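The structure under discussion appears below in the form of structure tokens.
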Protein chains: 2
Amino acid sequence: MIGIAEVARYAGVSTATVSRALSGNGHVSPATKLKVETAARELGYVVSSTASSLASGRMKNIGVVVPFLNRWFFTSVVEGAQRALLRNGYDLTLYNLTGDGIERQSVFEHFLLRQRVDAVIAVSLELTEDEIFRLHALGKPLVGVGGLIEGVRTLAIDDIAVARLATEHLLGLGHTRIAHIGGSQHYDLDFHLPTNRRFGYEAALTAAGIPLDPELDEDADFTIQGGYHAAKQLLGRPHGRPTAIFAASDEMAIGSILAARDLGLSVPRDVSIVGIDDHELAEFFGLSTIAQFPQGQGEKAVEILLDQLHPGQHDQVELNTPLPVKLIVRSSTARPGE
Amino acid sequence: MIGIAEVARYAGVSTATVSRALSGNGHVSPATKLKVETAARELGYVVSSTASSLASGRMKNIGVVVPFLNRWFFTSVVEGAQRALLRNGYDLTLYNLTGDGIERQSVFEHFLLRQRVDAVIAVSLELTEDEIFRLHALGKPLVGVGGLIEGVRTLAIDDIAVARLATEHLLGLGHTRIAHIGGSQHYDLDFHLPTNRRFGYEAALTAAGIPLDPELDEDADFTIQGGYHAAKQLLGRPHGRPTAIFAASDEMAIGSILAARDLGLSVPRDVSIVGIDDHELAEFFGLSTIAQFPQGQGEKAVEILLDQLHPGQHDQVELNTPLPVKLIVRSSTARPGE
DNA sequence: GTGAAAGCGCTAACAC
DNA sequence: GTGTTAGCGCTTTCAC
């Protein structure tokens, strides 16, 4: 292992100068800087991140905590975060909390607190007060993505507004019997996201003067399978079949499309279906949806954190811009048939 | 930040003893060990991983490099690896090589080599000789998952055998016009996986005395969309429609099922379809497939690496057990219709 | 079984 | 702008 001393000797300068030249902290004349860089390259020198971290207190590493990995939203956020971090010379350490609470406790007790990360991104994860307290106590910036965390800067779309917009899209087309497929209480662990989307749906109906019909509300688990099952129940009933379905996620909306097909119903002629996400399969299924941009959310989370870690070094992140969403109308929604 | 010194003082021992007691390296009397553990807990002490790494040379961190994240196979491997690492007190640093080659170079130049990881898992990634050489030069164990890497211990199913098995399943049911949807040359970047699966398909047909028909071979990109498009071409032709399709991945097989439905063909009555993977949606679509177990592959990769890092400390990993695969027959395959 | 002390390789004052 | 040097907080010989 070739160290900073060799580089210094080779370049004919001190180790301090090598450190400064390579890290960009502190002033070094352009000439020496070049000399050092050349020396480092020729010797194949790479800083020891542990030594560097120990001396500087900076890890150049941020922790990303997700509840699952096998979901489009989460992996997209991680991809976005990864890309932004790579650009800035940071590593991404991934903590996947799938499974029992023991894993979760372990992550907090022994990993995050082990001074391995400069900051933490919590994706769709409700942290306990204690967990937040401990992170704050360590001076670790923390940002949430995908749901509100008490007392923590969070990046999340306005679930109520988005659900309302989706429902209004259906109302605007002339639908009045609009069903909702949303999350069950069980799924409400993180952030009341299902609850908020239901609120948006109900608000839109109420504003349009349409009474809520509990018969038109089915629970599902945010998967294609779950959406399929729920839609079957809604669309299979002999009387009062809805003419439109608002599913709280694209996965469930896709399941609904498949359910409609299996029942011999045509989308959108017999039933219109709208989702939320703009999932990678949404276009393939012609699904009308409200796009959110999870990769962008991951990138933005990183920018916010880096801004906190190095104030003023980055383009000022617009902290208060609401997250973008976009209604994308494809072929799964139309005016109700006669 | 409370350090090892405080714990030592609090427990009335030396820092050396604290280190030994907490890390399990070296002998400490049960009594002192208990004292130290109590002290550490009461003071809320957590080792500084950077200091520990610098002093010991161990990072307790392994790097996982993937070409994408938004694919079921990759996230499954990562999940499995993560779980196994967590159990062993290791962190997982994720490198996603999506995008241009610059990212890739950057990962190798500035990240992996920065002494951040003890070992590397490369998932479905063909490494260059130079990349392998550099990792070996650093003494970093390396294991590949999902494809052979020259000169590197690799975990991969036998693609030829698996493809052959899938094809034989169709042959055994009595099919003779069996189409293949596989990867294009373009996708062949990593490991000739598509090529190997094609070989297996061809071998099965040849062994059964069935001549290969280039008309029955379509390229796709391993996505649902790609499989859909390819299957449409195969199933839409007026003459010589295949009675069965072997798709080289479940995503493409699912796309094929959807294509058949859209053409008004019934699966499996009009066309049988088999895939490879046992994707999370396979059961939902009733897809017959050859299961591989990516989570298990990720776990096993970790076990192999830990075994190399701490020889003899773990249950001996069976290095030479072939990776398990399993034919799962569901409702997408049947005898050909009349 | 336990303690003393010498590093691990770098960064950041502080001097010049 | 550059060099000197004292740590950063542990681990690990080497004594005892």
Side-chain angles (χ1 to χ4, degrees), chain A residues 1-37 39-40 43-61 89 110 113-118 138-139 309-310, chain B residues 1-37 39-40 43-61 89 110 113-118 138-139 309-310:
Chain A
M1 206 55 224
I2 164 141
I4 198 173
E6 282 98 314
V7 180
R9 207 175 311 130
Y10 192 91
V13 296
S14 71
T15 61
T17 300
V18 173
S19 175
R20 283 189 281 253
L22 261 30
S23 71
N25 297 31
H27 288 227
V28 181
S29 79
T32 18
K33 180 164 187 189
L34 189 65
K35 248 191 331 194
V36 171
E37 286 171 343
L43 296 175
Y45 168 74
V46 187
V47 296
S48 156
S49 66
T50 48
S52 169
S53 294
L54 181 58
S56 70
R58 279 176 252 109
M59 314 296 145
K60 299 283 266 177
N61 184 28
H110 300 301
L113 303 178
R114 209 163 48 168
Q115 299 199 35
R116 273 188 171 281
V117 298
D118 292 317
L138 286 169
L309 292 172
H310 318 286
Chain B
M1 206 55 225
I2 163 142
I4 199 173
E6 281 98 315
V7 180
R9 207 176 310 130
Y10 191 92
V13 296
S14 71
T15 60
T17 300
V18 174
S19 174
R20 285 191 279 252
L22 261 31
S23 71
N25 297 31
H27 288 227
V28 180
S29 78
T32 8
K33 179 164 188 193
L34 189 65
K35 253 193 322 195
V36 171
E37 285 170 342
L43 295 175
Y45 169 74
V46 187
V47 295
S48 157
S49 65
T50 48
S52 168
S53 294
L54 180 58
S56 70
R58 280 175 252 109
M59 313 297 145
K60 300 282 267 178
N61 185 27
H110 300 300
L113 303 178
R114 211 164 46 172
Q115 300 202 30
R116 274 187 169 281
V117 298
D118 292 318
L138 286 169
L309 292 172
H310 317 287

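Chain identifiers are assigned alphabetically (A, B, ...) following the order of the sequence lines, protein sequences preceding nucleic acid strands; residue numbering begins at 1 within each chain. Values below: all heavy atoms of this structure, side chains included; hydrogens, waters and symmetry mates excluded. Given the structure is predicted, the values throughout are model-derived calculations rather than measurements.
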Taking only nitrogen or oxygen atoms into account, show me every contact under 3.5 Å that the protein makes with nucleotides 8-10 of chain D, one pair per line with its distance.
| from | atom 1 | to | atom 2 | distance (Å) |
| --- | --- | --- | --- | --- |
| dC8(D) | O2 | A55(A) | N | 3.3 |
| dG9(D) | N2 | A51(B) | O | 3.4 |
| dC10(D) | OP1 | Y45(B) | OH | 3.2 |
| dC10(D) | OP2 | I4(B) | N | 2.9 |
| dC10(D) | O5' | Y45(B) | OH | 3.1 |

Only counting residues at least two apart or in another chain, list the ones meeting side-chain contact (heavy atoms from CB on, under 4.5 Å) with A16(A). S14(A), R20(A)
Is a donor on one side and an acceptor on the other found under 3.5 Å between the side chain of S53(B) and the backbone of R58(B)? yes
For A5(B) against T15(B), the heavy-atom pair lying closest together: CA-CG2, 4.0 Å
Contacts of T32(A) meeting side-chain contact (heavy atoms from CB on, under 4.5 Å) (sequence neighbours excluded), chain-then-number -> V13(A), V28(A), S29(A), K35(A)
Considering non-hydrogen atoms only, spot the tightest contact between I4(A) and Y45(A) and give its length. N-CE1, 3.5 Å
State, to 0.1 Å, how close R116(A) and K60(B) come at their nearest heavy-atom pair, and which atoms those are. NH2-O, 3.1 Å
Say you draw a straight line from CG of L54(A) to OG of S49(B); how long is it, rounded to the nearest 0.5 Å? 10.0 Å
Taken to the nearest 0.5 Å, the spacing of T50(B) OG1 from N61(A) CG works out to 11.5 Å
Identify whether any heavy atom of V18(A) sits under 4.0 Å from a base atom; if not, whether one sits that close to sugar-phosphate; answer base, sugar-phosphate or nothing. nothing
Degree of bending in the helix from dG1(C)-dC16(D) to dC16(C)-dG1(D) once both end axes are built from five pairs, to 10°: 30°
Report yes if some heavy atom in the side chain of D118(B) is under 4.5 Å from a heavy atom in the side chain of M59(B); otherwise report no. yes
Looking at DNA chain C, which of residues 22-34 of chain A put a heavy atom within less than 4.0 Å of it? none
Can you give me the closest heavy-atom contact between A40(B) and L22(B), atom names plus distance? CB-CD2, 4.2 Å
Opening and closing nucleotides of DNA chain C in contact with chain B, under 4.0 Å to non-hydrogen atoms: dG1(C) to dG9(C)
T17(A) side chain N/O closer than 4.0 Å to the phosphate oxygens (OP1, OP2) of dG3(D)? yes
For A21(A) versus E37(A), what's the shortest heavy-atom pair and its separation? O-OE2, 4.5 Å
